[in-house]
Number of protein chains: 2
Amino acid sequence: MSVRHALLGFLAEEPASGWDLTRRFESTLGAVWPAGHPQIYGELRKLHSEQLIEIRDHGPRGRTVYGVTEAGEKEVKRWLTSVEVDHTMRLEPILRSAFFWLMSPQELSEHLGREADHYRKVADTYRDLAEAKDRGDFGDSAQTRSLRIAAEAAVRVNDALAQWAIWAQEGTHG
Amino acid sequence: MSVRHALLGFLAEEPASGWDLTRRFESTLGAVWPAGHPQIYGELRKLHSEQLIEIRDHGPRGRTVYGVTEAGEKEVKRWLTSVEVDHTMRLEPILRSAFFWLMSPQELSEHLGREADHYRKVADTYRDLAEAKDRGDFGDSAQTRSLRIAAEAAVRVNDALAQWAIWAQEGTHG
DNA sequence: ACGGGCATGTAAGCGGTTACATGATTCG
DNA sequence: CGAATCATGTAACCGCTTACATGCCCGT
């Protein structure tokens, strides 16, 4: 149910259409919680039927701009403060590591090199984003500061995994 | 499809029943890829019907011990070496951070304190496990070394998130 | 002998993805 | 005006979770 509440959160910032929200999701939270447009459009319909969001405007090709209702804003806050945090992690690359013994040393070393590359790249992307936010490129609203914190998490987690891959690669002394 | 291949991987190590595999999964990969017993039993049935695993023994209460077949072992190796790694992350706690601006400074500070505690605890658990493995408490097989690598990842990711929460909490200067 | 946990399993439902479909707009 | 892209939506499927069901084994 995370997408649901994230949509309410985004709409609490400013009204937006399904498309806007899809891009917003992708650019700010894609690294930690992907959500495709089919899910977003579907969720918006449900949220509207429950009157947690309302239609604010109509645009060109059936574009529907939603805004959060009072009930909706109350619901996000309830989620943030009262609903237990879900700490579930699903990291396929780590799952794979439990079976590294089935790979040849060479395959493994190459695999770990590619993994390190990948994580370094993602970390760098979010590092740039974080630096841009620190420079004030996105203003200095409370919302921007929150996204800055999310970006920091992306940087730290991906850095940690990059370092892990390098550490593991050294263990193969290849 | 990760559970599927993880089961093949575990069975490549030694034959086991659904129950054995459930506990094995939980104790070694629970932190990075949870899998409940209904999923595991179901997957075993499918793997058996595809002849990737075979029945090796029957025990007390309908206990069925499976072992991997040649085709099964080939399939895990194919997965490890040829199937693209899925880097998808789903970290609800980071998703939430994008909406921290909807929380009061006090709520937020307390929230981050609880988060840091949580991650520290998980990291410590896997640190202990890793140290036990380094002491040789689980022998020194290739399989153990792989699980050691997985444990290291759990330590590093959870440490990173604990430090992140503390960093964010300092930003609230609360 | 019986109560509580062990071990196995099934069924329904849900969140999320993939694939498909379609009209609107913009640009060359 | 036609092609490519924008934007919106639906339908089917799949992995996974939740809830339920059941028999077996062990300790007291």
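Just so it is clear: chains get the letters A, B, ... in the order the sequence lines come, proteins before strands, and each one is counted from 1.
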Taking for each residue the nucleotide of DNA chain C bearing the nearest heavy atom, is the 5' side occupied by A:Gly62 or by B:Asp20?
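Per heavy-atom nearest nucleotide, the more 5' residue is B:Asp20.
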Residue whose closest nucleotide on DNA chain C lies nearer the 5' end, B:Thr88 versus B:Gly18:
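Between the two, 5'-proximity favours B:Gly18.
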Rounded interatomic separation in angstrom, taking [atom1] from [X] and [atom2] from [N]:
{"X": "B:Glu26", "N": "C:dC6", "atom1": "CD", "atom2": "P", "answer": "14 Å"}
{"X": "A:Leu21", "N": "D:dT8", "atom1": "CG", "atom2": "C1'", "answer": "13 Å"}
{"X": "B:Leu95", "N": "C:dG15", "atom1": "CG", "atom2": "P", "answer": "15 Å"}
{"X": "B:Asp86", "N": "D:dC16", "atom1": "CG", "atom2": "P", "answer": "11 Å"}
{"X": "B:Phe25", "N": "D:dG15", "atom1": "CZ", "atom2": "P", "answer": "14 Å"}
{"X": "A:Tyr66", "N": "D:dT8", "atom1": "OH", "atom2": "P", "answer": "10 Å"}
{"X": "A:Arg4", "N": "C:dC14", "atom1": "CZ", "atom2": "P", "answer": "12 Å"}
{"X": "A:Leu47", "N": "C:dG15", "atom1": "CG", "atom2": "P", "answer": "11 Å"}

May I ask whether A:Leu95 and A:Phe100 are part of the same hydrophobic cluster, defined by side-chain heavy atoms of I, L, V, M, F, W, Y residues being less than 4.5 angstrom apart, directly or through others?
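Yes; tracing contacts between hydrophobic side chains, which count when under 4.5 Å, links both residues.
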Would a single hydrophobic cluster contain both B:Leu91 and A:Trp164, if residues Ile, Leu, Val, Met, Phe, Trp and Tyr are joined by side-chain heavy-atom contacts under 4.5 Å?
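Looking at the clustering, B:Leu91 is in the same group as A:Trp164.
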At less than 4.0 Å, is any side-chain N or O atom of B:Ser17 found next to OP1 or OP2 of C:dA7? Yes or no.
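So the side-chain polar atoms of B:Ser17 never come under 4.0 Å of the phosphate oxygens OP1 or OP2 of C:dA7.
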Please list, in numerical order, the residues of residues 36-45 of chain B that have a heavy atom closer than 4.0 Å to any atom of DNA chain C.
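Those residues whose heavy atoms fall under 4.0 Å from DNA chain C, taken from residues 36-45 of chain B in numerical order, are B:His37, B:Pro38, B:Tyr41, B:Arg45.
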Answer yes or no: is there a donor N or O on one side and an acceptor on the other, between the side chain of B:Thr144 and the main chain of B:Phe138, under 3.5 Å?
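Yes, the answer is positive, given that a donor and an acceptor are paired below the 3.5 Å cut-off.
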Look only at the side chain of A:Glu115 and the backbone of A:Ala165, and say whether a donor-acceptor pair between them is shorter than 3.5 Å.
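Here the side-chain-to-backbone pair does not exist.
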Regarding [X], tell me which of base, sugar-phosphate or nothing describes its non-hydrogen contacts under 4.0 Å with the strands shown.
{"X": "B:Arg90", "answer": "sugar-phosphate"}
{"X": "A:Ser2", "answer": "nothing"}
{"X": "A:Thr22", "answer": "nothing"}

Show the numbers, then the answer: is there a salt bridge (Lys or Arg N to Asp or Glu O under 4.0 Å) between A:Glu152 and A:Arg156?
CA-CA 6 Å; A:Glu152 180 73 18; A:Arg156 291 182 184 234; 2.8 Å; yes
Minimum-distance nucleotide to A:Trp19 side chain [options: C:dG15, D:dC16, D:dC6]
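Of the candidates, D:dC6 comes closest.
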Where does the angle between the aromatic ring planes of B:His87 and A:Tyr119 fall among parallel (under 30°), tilted (30 to 60°) and perpendicular (over 60°)?
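Judged by the thresholds at 30° and 60°, the geometry between B:His87 and A:Tyr119 is perpendicular.
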Side-chain polar contacts of residues 2-13 of chain A - donor-acceptor pairs under 3.5 angstrom, sequence neighbours left out - could you list them?
{"from": "A:Arg4", "atom 1": "NH1", "to": "A:Glu43", "atom 2": "OE2", "distance (Å)": "3.3"}
{"from": "A:Arg4", "atom 1": "NH2", "to": "A:Glu50", "atom 2": "OE1", "distance (Å)": "2.4"}
{"from": "A:Arg4", "atom 1": "NH2", "to": "A:Glu50", "atom 2": "OE2", "distance (Å)": "3.2"}
{"from": "A:His5", "atom 1": "ND1", "to": "A:Met1", "atom 2": "O", "distance (Å)": "3.0"}
{"from": "A:His5", "atom 1": "NE2", "to": "A:Glu75", "atom 2": "OE2", "distance (Å)": "2.7"}
{"from": "A:Glu13", "atom 1": "OE1", "to": "A:Arg24", "atom 2": "NH2", "distance (Å)": "3.3"}
{"from": "A:Glu13", "atom 1": "OE2", "to": "A:Arg24", "atom 2": "NH2", "distance (Å)": "2.9"}

